[in-house]
2 protein chains.
Amino acid sequence: LIGYLNGKFDDLERLHISPLDRGFLFADGVYEVWMCYDGRRFADEQHWQRLKASLAGISLPFPNLQGCRSILDQLVERNAQQKGTAGIYLQITRGVAPRKHAFPEATSPTLFAYSFPFQRPREALASGVSVHLIAEMRWTRCDIKSIALLGNVLAKEQAKGHGAFEALFVREGHVVEGTHSNLFAVRRGALWTHPLGPFILGGITRAHVLQLARSAGMDVREQALTVEELFQADEVFLTGTTTELMPVIQVEDRSIGDGRPGAITRELQRLFWKSTAFPPPLEFNELP
Amino acid sequence: LIGYLNGKFDDLERLHISPLDRGFLFADGVYEVWMCYDGRRFADEQHWQRLKASLAGISLPFPNLQGCRSILDQLVERNAQQKGTAGIYLQITRGVAPRKHAFPEATSPTLFAYSFPFQRPREALASGVSVHLIAEMRWTRCDIKSIALLGNVLAKEQAKGHGAFEALFVREGHVVEGTHSNLFAVRRGALWTHPLGPFILGGITRAHVLQLARSAGMDVREQALTVEELFQADEVFLTGTTTELMPVIQVEDRSIGDGRPGAITRELQRLFWKSTAFPPPLEFNELP
């Protein structure tokens, strides 16, 4: 795989950073992930806007936007991922400097990026997954897509240990989001998801699905669910850039609905993949 | 400066890590800092114990202890820092692996270390410093000395913007700790500091000063102070490995006591430096 680091394209294995990079010492950086369908970045502008907001959140000046776009274009071309689905990862840190907490003066940011082939998990998207609940322990600026992801890592690992696809954080009795996804539930015919704010990342797919649901005339509520409300939801699903729209059929040891992806989840999956202008991973008329 | 990375000693500038190191992508690692007096690591065993606890906190197996000790010994020797005060930094991450939140299998940890000359800030230690209060936004596992330090970085930078030496975090009305130091206050003759638990790092110097105070017959209370109690404290100081014992004479725009380091702070400074068996940075009989 070809990657990019501070002006240079090379094999990912040959790219190296200093251990004095503030990304390595302090998690002093932010990142963004795009999904590409046949080489086209989905919701491209929205990802740049979120990156801008994340950088502003940590007071790091935004680099040359046009230059960044061109880097991502070249990565996809060089990696011959114009066909099919692929991901692009971009990380910006405050750069290399002697270790001191406060911002260094006159240090250039580090810009690291690579693209990767990504096969969508057809089986899971068709059949649904289970999720594990975990007490929130992360910071209160989850709206910043920072690389300070240790809490997410520990929660995801715990979910994996429970055989679950994702961990959902519970803050003061309310389910907020997953370690790399947003949460939706269908309850009494309405679509619920946690409101924007400091406790969740403003997911691009989250916003897109909300728009699709509203356009389809659904009753949408950006309101947090309690754990009990989640257990009793008729349908549950997760959204994310590479997660797309993933049905949840089990929360802890309790089945959601009849234990199969629900009708509204299916309809939103259909609308979502239609909007990508790319073949969906599922044949809807073959689904149970 | 000579550093160490995964088996190799070299100029710090020539050491390089992969951008796929989980320390860089996820802040998936922990660190430790030692102070050396004439080449001797102060409270050495306590630092290893804390490192062990931090590693256990993120479920990362502890590497060969004897080998680690030898690395630190060699760093100090090679950097010719046997005389005077110096610091040693050691960081362990979960290693290099394709980017996925959950722990990778069969990946070796990354071990990075370097020592650095450190001149103690005589003026500040003599005259005292001011501190800035900031709403807590970090995660609830501050007892783990993790490299997910973005919240500490942002707070310290904000303190710097206010001309303060350190930022103190306030959680639910109580002052917990600084971005790289623990907080103490003298109040009605007793010495107060926040109790151990998930909201603060168990400082080695904090524990040492508590022991010194108890041995000197002081009334010690491991109890959190409210912001108002801090403002009205008779004396305030910070502790930390390289911060040692730093008087605080101002919190926000309010003076503490008579605006000069207090008598108990001075006595604890004296006892602390005596215990280091190394010349103190201050001549006590010349102090105001």
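In what follows, chains are A, B, ... by sequence order, proteins preceding strands, each numbered from 1.
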A.B. asks: Looking at A:L1, A:T140, A:L150, which one has more heavy-atom pairs under 4.5 Å with chain B than the rest?
C.D. replies: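 Ranked by contacts with chain B, first place is A:L150.
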A.B. asks: Any idea which of A:H180, A:R99, A:R94 has the most non-hydrogen atom pairs under 4.5 angstrom with chain B?
C.D. replies: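 Most heavy-atom pairs under 4.5 Å with chain B: A:R99.
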A.B. asks: What part of A:E136 gets within 4.5 angstrom of chain B, counting heavy atoms only: side chain, backbone, both, or neither?
C.D. replies: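 Only the backbone of A:E136 comes within 4.5 Å of chain B.
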A.B. asks: So, do B:P19 and A:Q91 sit near enough that their side-chain heavy atoms are less than 4.5 Å apart?
C.D. replies: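 When only atoms from C-beta onward are counted, A:Q91 and B:P19 do not touch, as no gap falls below 4.5 Å.
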A.B. asks: Could you name the residues of residues 156-176 of chain B that have a heavy atom within less than 4.5 Å of a heavy atom in chain A?
C.D. replies: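 Contacts with chain A: B:K156, B:E157, B:K160.
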A.B. asks: Got a second to check how far B:E177's CD is from B:R206's CZ, nearest 0.5 Å?
C.D. replies: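 Here the interatomic distance stands at 9.5 Å.
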A.B. asks: Checking heavy atoms, do the side chain of B:F26, its backbone, both or neither come under 4.5 Å from chain A?
C.D. replies: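 Both backbone and side chain.
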A.B. asks: Which pair of heavy atoms, one from B:K8 and one from B:D10, lies closest together, and at what distance?
C.D. replies: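 Closest approach of B:K8 to B:D10, heavy atoms only: CE-OD2, 3.8 Å.
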A.B. asks: Name the member of A:N152, A:V153, A:L12, A:I58 that forms the most heavy-atom pairs with chain B at distances under 4.5 Å.
C.D. replies: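 Ranked by heavy-atom pairs under 4.5 Å with chain B, first place is A:V153.
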A.B. asks: I'd like to know whether CD of A:E123 has more than 12 heavy-atom contacts from other residues, nucleotides or ligands below 6.0 angstrom.
C.D. replies: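 Count not over threshold, so no.
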A.B. asks: So what's closer than 4.5 Å to chain B heavy atoms on A:R14: side chain, backbone, both or neither?
C.D. replies: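 It is neither, since no heavy atom gets under 4.5 Å.
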A.B. asks: Given that the side chain runs from C-beta out, which part of A:F103 has a heavy atom under 4.5 Å from chain B: side chain, backbone, both or neither?
C.D. replies: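 For A:F103, heavy atoms of backbone and side chain both lie under 4.5 Å from chain B.
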A.B. asks: Where on B:F116 is there a heavy atom nearer than 4.5 Å to chain A: the side chain, the backbone, both, or neither?
C.D. replies: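 Neither part; nothing is under 4.5 Å.
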A.B. asks: Taking the six-membered ring for Trp, are A:Y89 and A:Y114 ring centroids under 6.0 Å apart?
C.D. replies: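 That pair passes the under 6.0 Å test.
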A.B. asks: Heavy-atom cut-off 4.5 Å, strictly under: side chain, backbone, both or neither for A:D28 against chain B?
C.D. replies: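 Answer is both: backbone and side chain atoms of A:D28 are under 4.5 Å from chain B.
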A.B. asks: Heavy-atom distance under 4.5 Å between the side chains of B:L183 and B:H194, does that happen here?
C.D. replies: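 When only atoms from C-beta onward are counted, B:H194 and B:L183 do not touch, as no gap falls below 4.5 Å.
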A.B. asks: Measure distances from B:S59 to the heavy atoms of chain A and classify the residue's part below 4.5 Å as side chain, backbone, both or neither.
C.D. replies: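 Neither part.
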A.B. asks: To the nearest 0.5 Å, tell me how far B:R41 CZ sits from B:L72 CG.
C.D. replies: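 So the gap between those two atoms works out to 4.5 Å.
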A.B. asks: For chain A, which of B:K100, B:M137, B:R138 has the most heavy-atom pairs under 4.5 Å?
C.D. replies: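 Going by pairs under 4.5 Å, I would pick B:M137.
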A.B. asks: Parallel, tilted or perpendicular: which describes the rings of B:F237 and B:F184, with under 30° parallel and over 60° perpendicular?
C.D. replies: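 B:F237 vs B:F184 ring planes: parallel.
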A.B. asks: Any ion pair linking A:E32 and A:R50 (charged N to carboxylate O, less than 4.0 Å)?
C.D. replies: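 Here A:R50 pairs with A:E32 in a salt bridge, since their nearest N and O are under 4.0 Å apart.
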A.B. asks: If you tally heavy-atom pairs under 4.5 Å against chain B, which of A:I144, A:L5, A:D21, A:V96 wins?
C.D. replies: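 Going by pairs under 4.5 Å, I would pick A:D21.
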A.B. asks: Would you say that B:R141 contacts B:D143 through its side chain, given a criterion of any heavy-atom pair below 4.5 Å between the two side chains?
C.D. replies: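 Side chain of B:R141 against side chain of B:D143, heavy atoms only: contact under 4.5 Å found.
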A.B. asks: Taking side chain as everything from C-beta outward and backbone as N, CA, C, O, which of these in A:T93 sits under 4.5 Å from a heavy atom of chain B? Side chain, backbone, both or neither.
C.D. replies: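 Just its side chain gets close to chain B.
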A.B. asks: Given side chains that start at C-beta, do those of A:I147 and A:F24 come closer than 4.5 Å, heavy atoms only?
C.D. replies: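 Of all side-chain heavy-atom pairs linking A:F24 with A:I147, none is under 4.5 Å.
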A.B. asks: Side chains of A:V131 and A:V236, heavy atoms from C-beta outward: is any pair under 4.5 Å?
C.D. replies: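 No, side chains not in contact.
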